[in-house]
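Below is one structure, written out as structure tokens; comments come after it.
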Amino acid sequence: HLTLILCNIVASVSIVGLNKYLFSTLEFQYPVILTCVHFVATSTLVLYASALFDSRKRKKNKNKIPLSLIISVAMGRVVSIVAMNLNLKFNSVSTYQLSKIAILPAVAITRRKILTAQETIGALMASIGVFFATVRDPHIEIDGIYIAMIAVGTSTVSILIGERVKAKGFGALEVMQKEMPLSTCLLMLTIPFTEENVMHAFEKMTNSIHATIVIALTCICAAVINAS
């Protein structure tokens, strides 16, 4: 479990920097397409992991996962991750990190529970660290703040849906095996409405070795985060 936690932390920190580098420096302005590529990478990893565990005769949950639950998880994942990527695209890394910190109290308020001392101290320490970076950050716009608020709200809902799934006794890998392909398909359907000049995006992904390498690294990070 410690190894998974460490991998998740490293991947979470890395993907923020890599995504921002793509959006700002390499000018790859296609967050939905990038998210879709991440979903494909995660789906591939999940299918491989499921086949590996099945070959070891892993015990399966006898109860079938309701279709409504799979759809709700898929919708929650798609909306929250797209919102977070848009948040990172239109805001600075420090503003993005502050919005991620805000998810913790948002979840607590929704649960109608008080944060534990450990959660409070962790959130405060992280907020203080990001605050000093944010003070020197000139890239704070009102539109970006609105996007950040939407990202916090959708991510909170997605977390609560995930908790509902766990409460019903279904394993994360078991759910992801059915949900990730659906999430990927749903996200692909939104591309014509959310992205402009899609062909240019794929040309940029394939013609620039630099962009291809960075996107591949983000895919690895996304797969590790979702799988852990």
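- When the side chain to side chain contact (heavy atoms under 4.5 Å, CB included) test is applied to T154, the partners found at least two apart in sequence or on another chain are V79, S80, A83, I150.
- Here the closest non-hydrogen pair linking L86 and P31 is CD2-CG, 3.6 Å.
- Side-chain contact between H38 and I15 is present, with at least one heavy-atom pair separated by less than 4.5 Å.
- Judged purely by atom type and a 3.5 angstrom limit, T212 uses its side chain to pair as donor or acceptor with the backbone of M205.
- For the residue pair L18 and V214, the shortest heavy atom distance occurs at O-CG1, 3.9 Å.
- Contact record, S72 with I161: O-CD1, 3.5 Å, taken as the closest heavy-atom pair.
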Working for side chain to side chain contact (heavy atoms under 4.5 Å, CB included), residues R164 and L69: CA-CA 9 Å; R164 180 186 165 199; L69 197 60; 3.9 Å; yes
Check against side chain to side chain contact (heavy atoms under 4.5 Å, CB included), V32 and T190: CA-CA 8 Å; V32 177; T190 68; 3.7 Å; yes
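- Under the 4.5 Å side-chain heavy-atom criterion for ILVMFWY residues, a single connected hydrophobic cluster contains both V37 and I213.
- Side-chain contact between Q29 and E195 is absent, with no heavy atoms from C-beta onward closer than 4.5 Å.
- Residues T156 and V152 are in side-chain contact: their nearest non-hydrogen atoms beyond the backbone lie under 4.5 Å apart.
- With sequence neighbours excluded, the residues that form a side chain to side chain donor-acceptor pair (under 3.5 Å) with H210 are Y21.
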What verdict does the side chain to side chain contact (heavy atoms under 4.5 Å, CB included) test give for L186 and L182, after you've listed the backbone C-alpha separation in whole Å, the side-chain angles of each residue and the deciding distance to 0.1 Å? CA-CA 6 Å; L186 289 174; L182 176 59; 4.1 Å; yes
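- Put simply, OG on S158 and CD1 on I81 are 7.0 Å apart, with the number rounded to the nearest 0.5 Å.
- Transitive grouping of hydrophobic side chains (ILVMFWY, heavy atoms separated by less than 4.5 Å) keeps F193 and Y30 in distinct clusters.
- Without hydrogens or angle criteria, Q177 side chain to L47 main chain gives no donor-acceptor distance under 3.5 Å.
- The backbone N or O of A11 lies less than 3.5 Å from no partner atom in the side chain of S14, so there is not a single donor-acceptor pair.
- L67 CG to K178 NZ: the interatomic distance, rounded to the nearest 0.5 Å, is 10.5 Å.
- Checking side-chain atoms of E27 against main-chain N and O of L22 turns up no donor-acceptor pair under 3.5 Å.
- Taken to the nearest 0.5 Å, the OH atom of Y146 stands 15.0 Å off from the CG atom of N87.
- Under the 3.5 Å distance criterion, the side-chain polar atoms of K204 are left unmatched by any main-chain donor or acceptor of A211.
- Closest of all the heavy-atom pairs between T184 and S43 is OG1-OG, 3.4 Å.
- Side-chain contact between K89 and N19 is absent, with no heavy atoms from C-beta onward closer than 4.5 Å.
- Shortest non-hydrogen contact noted between F28 and F23 is O-CD2, 3.1 Å.
- Tracing side-chain contacts under 4.5 Å through hydrophobic residues (I, L, V, M, F, W, Y), one never reaches M199 starting from M188; they form parts of separate clusters.
- Annotation for T110 and A106: closest pair OG1-O, 2.8 Å, computed over non-hydrogen atoms.
- Cluster membership for L26 and I33, using ILVMFWY side-chain heavy atoms within less than 4.5 angstrom, is shared.
- Within the 3.5 Å criterion, the main-chain N or O of I71 finds no donor-acceptor partner in the side chain of E179.
- Cluster annotation: V198 and V82 are assigned to the same hydrophobic cluster (Ile/Leu/Val/Met/Phe/Trp/Tyr, side-chain heavy-atom contacts under 4.5 Å, transitive).
- In this structure, CE on M75 lies 9.5 Å from OG on S183, to the nearest 0.5 angstrom.
- Between the CG atom of N207 and the NE2 atom of H200 there is a distance of 9.5 Å, given to the nearest 0.5 Å.
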